[in-house]
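Take a look at the structure below.
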Amino acid sequence: MPEPILEIRDLRVKYGNVEALHGVDLAVHPGEIVTILGANGAGKSTTLRAISGLLQPSAGEIRFEGRPAHTVPAHERVRLGIAQSPEGRRVFGTLTVRENLLLGAFTRKDKPGIADSLAFVYRLFPVLQQRRDQLAGTLSGGEQQMLAIGRALMARPRVLLLDEPSLGLAPLLVKAIFHAIREVNQTTGLTVLLVEQNARAALKLAHRGYVMEVGRIVLHDSAQALAADPKVQSAYLGGRK
Amino acid sequence: MEQFFQQLTNGLAVGGIYALIALGYTMVYGVMKLINFAHGDLFTWGGYLGLTLLTSFLLQDRLGVLAGVGVLALMVMGLVGLMGVLLERAAYRPLREAPRLSAVVSALGASIFLQNALMLLYGAQFQVYPDGILPQGSVDVFGLRIPVVRILVLLASLVMMAVLYLFVQKTKIGTAIRAAAIDQGAARLMGIDVNRVVSIVFLIGPALGGSAGLLVGLYYGQVNFTMGWVYGMKAFTAAILGGIGNIPGAMVGGLLLGVVEALGAAYLSIAWKDAIAFCVLILILIVRPTGLLGERVAEKV
């Protein structure tokens, strides 16, 4: 195994006096798709938000490419190479699709590179190109999700954090979006850390997975092994054999 | 008819001044969700600093009227903008995580501080701008005799509004300001330093407000240390009228309020001038609380 690109050690996060993460350890290696599974409130999103810097850990370490990242302010982590498509999509509703995408490249100065990335995102999600001058708030939920992912890709990240990309979407759209994520991973080698409640789809996409319960990692293994694990099956895959 | 057009153009000139001040309220509100009650006093500072710089450097004599007043305006804008940035650092940033009301109280305190500082420095009496800085005559526009000063004031405010609009719509930093106004967390995920955006907003808003103070001094020929209160309230009304947080809204709201007030003063009673403005505020709050241009897009979820 090469060095992990992203490594978390004993991560603890508090909301007020309540500890939400009780020491999380995980590692993501370059080129991998890793998923974090778990029920509502297990701490999956909290973990991602700590990695992107929206939350300050109370203890523990986040290392990115071997260097500590948890002391770096959120807006500078994008420059390091960490981009997040947040839970609930959070596109800028009164800005156009194109403006949203260009904001994703806010930290970049290389104009030709930005144009390339824009073309890449438009190829990945052609509907965004069709709607590029529309206000993002007028897009459908699925299109907004594509925009949120495309916007994160515009930063040309080394690690893409995806928080519940399937949330509230029809199965067909989930399939399309997961297909696009796999395509990016395979063609560019982009590392992906995916938080999902849709365990079935996530395990199909990911190489490895972690299972979280009430602020702790309780299981980690290859995606295949997790999908075959009876505990995982009964808890997250609807108990089907 | 003559009177109508005279009042219309006068209303537009005053409305342009309101709009410039309103932009400061609306930009700060957009990003911080805070009404900067000290904004009216920064406007007043603009009027006083303009007077001091005018009389101490005499730029209009050295550079000619237009270039002199232009440089003067830039100096005033720079100084008042700097005051805005310092105000945010001193009065608002330490309260970023505190309940909203604390920041409001801090804003009111800053307002009293700025106002009284002016009184201590310059005295409580009206301060008079020297005569004849701007050309005094009138010009014939479609058979109307319009004072040159009025045209220059209106033009100046329109130019500044146009520049601001282009800046906010077309530049990268302008887009970042709009993004931070919509969702600060998502803006940080884009790599936008929200603190920097706040500083920029507190530079631009007060700079525009300060320029409005200078325009008032040039237009009416005098300034007073309490004038920020009424102008501030009017501009605040204009910002609400256009839709608080909405930049084009503040421009439209300011111009509209100026015109309504001028026409109301002419045809109803001059004594009711301020009452008319605040009736507009009450009406808009009852009929359309989001303002004329507020919340145009319904978010799909």
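Lettering of chains follows the sequences in order, A, B, ..., and the numbering in each one begins at 1. Note: hydrogens, waters and symmetry copies are ignored here, and every other heavy atom, side chains too, is used.
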Inset, instruction - Tell me the residues of residues 185-201 of chain B whose non-hydrogen atoms fall below 4.5 Å from those of chain A, in number order. - result: Gly185(B), Ala186(B), Ala187(B), Arg188(B), Leu189(B), Met190(B), Gly191(B), Ile192(B), Asp193(B)
Inset, instruction - Could you pull out all residues at least two apart from Thr71(A) that satisfy side chain to side chain contact (heavy atoms under 4.5 Å, CB included)? - result: none
Inset, instruction - For Ser111(B), enumerate each residue passing the side chain to side chain contact (heavy atoms under 4.5 Å, CB included) test, keeping only those at least two apart in sequence or located in another chain. - result: Ala38(B), Asp41(B)
Legend entry - Euclidean distance, Leu194(A) CG relative to Thr35(A) OG1, rounded to 0.5 Å: 4.0 Å
Inset, instruction - Output the distance between atom NZ (Lys170(B)) and atom OH (Tyr165(B)), rounded to the nearest 0.5 Å. - result: 7.5 Å
Legend entry - chain A contact via Ala181(B) - side chain, backbone, both or neither, heavy atoms under 4.5 Å: neither
Legend entry - Top contributor to chain B contacts, counting heavy-atom pairs under 4.5 Å, from Met154(A), Arg90(A), Glu99(A): Arg90(A)
Inset, instruction - May I ask you to name which of Asn100(A), Leu161(A), Leu95(A) has the most heavy-atom pairs under 4.5 Å with chain B? - result: Leu95(A)
Legend entry - Side-chain donor or acceptor of Gln144(A) paired with backbone N/O of Ala136(A) under 3.5 Å: yes
Inset, instruction - With Leu257(B) as reference, evaluate Val252(B), Thr237(B), Ile240(B) under the side chain to side chain contact (heavy atoms under 4.5 Å, CB included) test and give the passing residue. - result: Thr237(B)
Legend entry - Pairs involving residues 67-80 of chain A, ordered by first then second residue, that meet salt bridge (Lys or Arg N to Asp or Glu O under 4.0 Å) (sequence neighbours left out): none
Legend entry - Ala74(A), part contacting chain B, at a heavy-atom distance under 4.5 Å: both
Inset, instruction - Please work out which of the three classes, parallel, tilted or perpendicular, describes the rings of Phe202(B) and Tyr92(B), given edges at 30° and 60°. - result: tilted
